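Every value quoted in this text rests on a predicted model; they were computed, and no experiment measured them. Computation of the quantities below employed the complete heavy-atom set of this structure, encompassing side-chain atoms and omitting hydrogens, waters and symmetry-equivalent molecules.
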Amino acid sequence: MIVPLDIALIIFLIVSAVSALIVRDLLASIAILGTYTFVMACIYVQMNSVDVGFTEAAIGAGASTALMVASLTRLRRFDTSRINASKAVVGAMAVFMLAGLFIYVVEDMPPFGDPESPPNKWIELFSLEDRGLSAKLESGVLPEEIRSRIESLGYTTSNNWPPLEDGTYRVMWNEEEHGWEVLIEKNEKFFPNLEKLYFIEPSNGELKVYRYSIPVRWEEKCEEEMNTPNMVTAGLADYRGYDTLGETVVIFTAAVSVAALLRRGYLE
């Protein structure tokens, strides 16, 4: 991240948002909003969210701007209505309240780009005292205490999670991460190999049990499973392909609806 550039972009966003609300020329307002969404796309790319930035540029700065300009052919270009002071005050108060809420929530987020944060690595499930459990792990056996705790959290075959029965997993020591990896047979048709699904870390006489998060799987397996070297493309088009299809349907429906309204002349 380039901090001075980020600050400049955020200041530009604030100025352009206020200008779009104040200006009385609707065409100028549309142009300002188009610039706003384009700068927002640049911010997304700056934060390594290339997929979101691409969508924002294509839909926000491109398609949305075109649809608003098309709608303007059925509207008056200049807004001559009076500003309702009470509504403006209520709207401003709502904006400041939401801004304060967002700032409060952001304080609890991990540092941006932290490789050790749960979204980027794994999620802690629970911890328990060692009491000789590490000796069983060293012998390649998952202790019953750990297995029962994992299943009590809902990670069972009835909830479509791989079983933790004998012969369905393998416990291996990871020297780099200083802990045991629990490799599980996922019973997948095309990729039946063992997968890392749990991680057990010894710490001050305790064992901390983690579950690997989805981004870790995307990063490690997307090229092998989807034949796609780019994990963003694999996520959008393969792992969450149905979600992307739904978003496309929503955008297409909105475009068709606006076109139908303009064709029939409902907007005056």
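- At least one side-chain heavy atom of Pro162 sits under 4.5 Å from a side-chain heavy atom of Ile184.
- Between Arg211 and Tyr155, some side-chain heavy-atom pair lies under the 4.5 Å cut-off.
- Interatomic distance, CG of Leu9 versus CD1 of Ile43, reported as 5.0 Å (0.5 Å rounding).
- The closest side-chain heavy-atom distance from Tyr210 to Ile200 is not below 4.5 Å.
- Following chains of ILVMFWY side-chain contacts shorter than 4.5 Å, one can reach Leu197 starting from Leu125, so the two form part of one hydrophobic cluster.
- Nearest heavy atom pair, residue Thr168 against residue Pro163, reads OG1-O, 3.3 Å.
- Closest approach of Thr228 to Ala234, counting heavy atoms only: CG2-N, 3.9 Å.
- No more than 12 heavy atoms of other residues, nucleotides or ligands lie within 6.0 Å of CG in Asn227, so this atom counts as exposed by the packing criterion.
- In this structure, Phe12 CZ and Ser19 OG are separated by 8.5 Å, a value rounded to the nearest 0.5 Å.
- The backbone N or O of Gly154 lies less than 3.5 Å from a partner atom in the side chain of Asn159, making a donor-acceptor pair.
- Contact check for Val171 versus Glu181: no side-chain heavy atoms found under the 4.5 Å cut-off.
- Listed for the Ser127 side chain is no donor-acceptor partner under 3.5 Å among the backbone atoms of Lys208.
- Residues Val50 and Tyr44 fall into different hydrophobic clusters, defined by Ile, Leu, Val, Met, Phe, Trp and Tyr side chains chained together at heavy-atom separations under 4.5 Å.
- Note that Arg24 lies outside the cation-pi zone of Phe78, set by a 6.0 Å cut-off to the ring centre and a 45° limit from the axis.
- Taking CH2 from Trp122 and OH from Tyr212, the interatomic distance works out to 5.0 Å, rounded to the nearest 0.5 Å.
- No side-chain heavy atom of Trp161 sits less than 4.5 Å from a side-chain heavy atom of Thr156.
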